[in-house]
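Everything on this sheet refers to the single structure shown next.
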Amino acid sequence: DKKKGLYNGDRLATFMLYLTNVAQGGATAFPRLGARSFPSQGDAAYWINLMGEASQGNPNTLHGACPVLLGSKWVANKWIHEGANEGFMAAHEELTFGSYSW
C-alpha cells in the first residue's frame, strides 16, 4: 500500500520452504519449464519473478500446487521485493528456477 508507506516495489524473487513431508502428491508444478518441485521437509524452491531491465513478469515462473493425495502440505514463502534489495537482479540474472535440499 503506497499511501501507508508499505509498498516495497515489485516482487523480484520467491523462496518457498517445504515444512512437511507429503506422502503422496503436492508437487509445485512449473508447466512452462516442464519442472516440478516435490515437497520434502527442509527442501526449498527458489525462482526469479521478473526478467529484463523493464522488470516484466517472467512467464516461465507460472506455477501451481498439485493436489495433495495423502497427508498435508505446509510451506513458508519469503517474497523478495525491490525495496532494500538494490543490486539483487544483477547478481542473479542467470538463475530462473532452483530446487534445493539440505
Side-chain angles (χ1 to χ4, degrees):
D1 187 336
K2 290 181 185 180
K3 292 181 183 179
K4 294 181 182 178
L6 301 175
Y7 180 72
N8 289 325
D10 290 327
R11 185 185 313 162
L12 302 176
T14 300
F15 181 84
M16 184 172 65
L17 177 65
Y18 295 106
L19 301 175
T20 57
N21 291 314
V22 176
Q24 190 174 4
T28 302
F30 293 80
R32 293 185 177 163
L33 295 173
R36 291 179 292 180
S37 179
F38 291 94
S40 180
Q41 187 175 16
D43 288 359
Y46 170 81
W47 60 90
I48 302 292
N49 294 90
L50 300 179
M51 59 187 254
E53 293 190 23
S55 294
Q56 296 179 347
N58 184 346
N60 290 327
T61 62
L62 174 75
H63 62 284
C66 297
V68 174
L69 303 175
L70 184 61
S72 66
K73 176 181 170 182
W74 287 81
V75 301
N77 287 319
K78 172 61 180 165
W79 294 321
I80 302 162
H81 290 267
E82 287 175 309
N85 291 292
E86 292 79 8
F88 177 83
M89 291 302 287
H92 295 85
E93 283 179 347
E94 299 301 316
L95 184 62
T96 299
F97 171 82
S99 186
Y100 305 95
S101 277
W102 285 277

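Reckoned from all heavy atoms, side chains included, excluding hydrogens, waters and symmetry mates. These figures come from a predicted structure and were not determined experimentally.
To the nearest 0.5 Å, atom CG of residue L33 and atom CH2 of residue W47 are 11.0 Å apart. The distance from the CG atom of L12 to the CH2 atom of W79 is 14.0 Å, given to the nearest 0.5 Å. Rounding to the nearest 0.5 Å places CG of N21 at 10.0 Å from OG of S72. A distance of 8.5 Å separates CG in N58 from CD1 in I48, rounded to the nearest 0.5 Å. Between atom CD of residue Q41 and atom CG of residue L17 there is a gap of 9.0 Å, rounded to the nearest 0.5 Å. Once rounded to the nearest 0.5 Å, the distance linking CG of L70 with CD of Q24 reads 6.0 Å.
Contact record, H63 with P31: CA-CD, 4.4 Å, taken as the closest heavy-atom pair. Here the closest heavy-atom approach between residue S37 and residue A45 is recorded as OG-CB, 3.8 Å. Nearest heavy-atom pair, Y18 versus F38, reported as atom, atom and distance to 0.1 Å: CE1-O, 4.2 Å. Considering every non-hydrogen atom in both K73 and T20, the closest pair reads CA-OG1, 3.6 Å. Nearest heavy-atom pair across G25 and P39 is O-CG, 4.0 Å.
Checked against side chain to side chain contact (heavy atoms under 4.5 Å, CB included), R32 has the following partners two or more places apart in sequence or in another chain: P59, N60, L62.
No continuous path of ILVMFWY side-chain contacts below 4.5 Å connects M16 to V68, so the two sit in separate hydrophobic clusters.
Without hydrogens or angle criteria, N49 side chain to T14 main chain gives a donor-acceptor distance under 3.5 Å.
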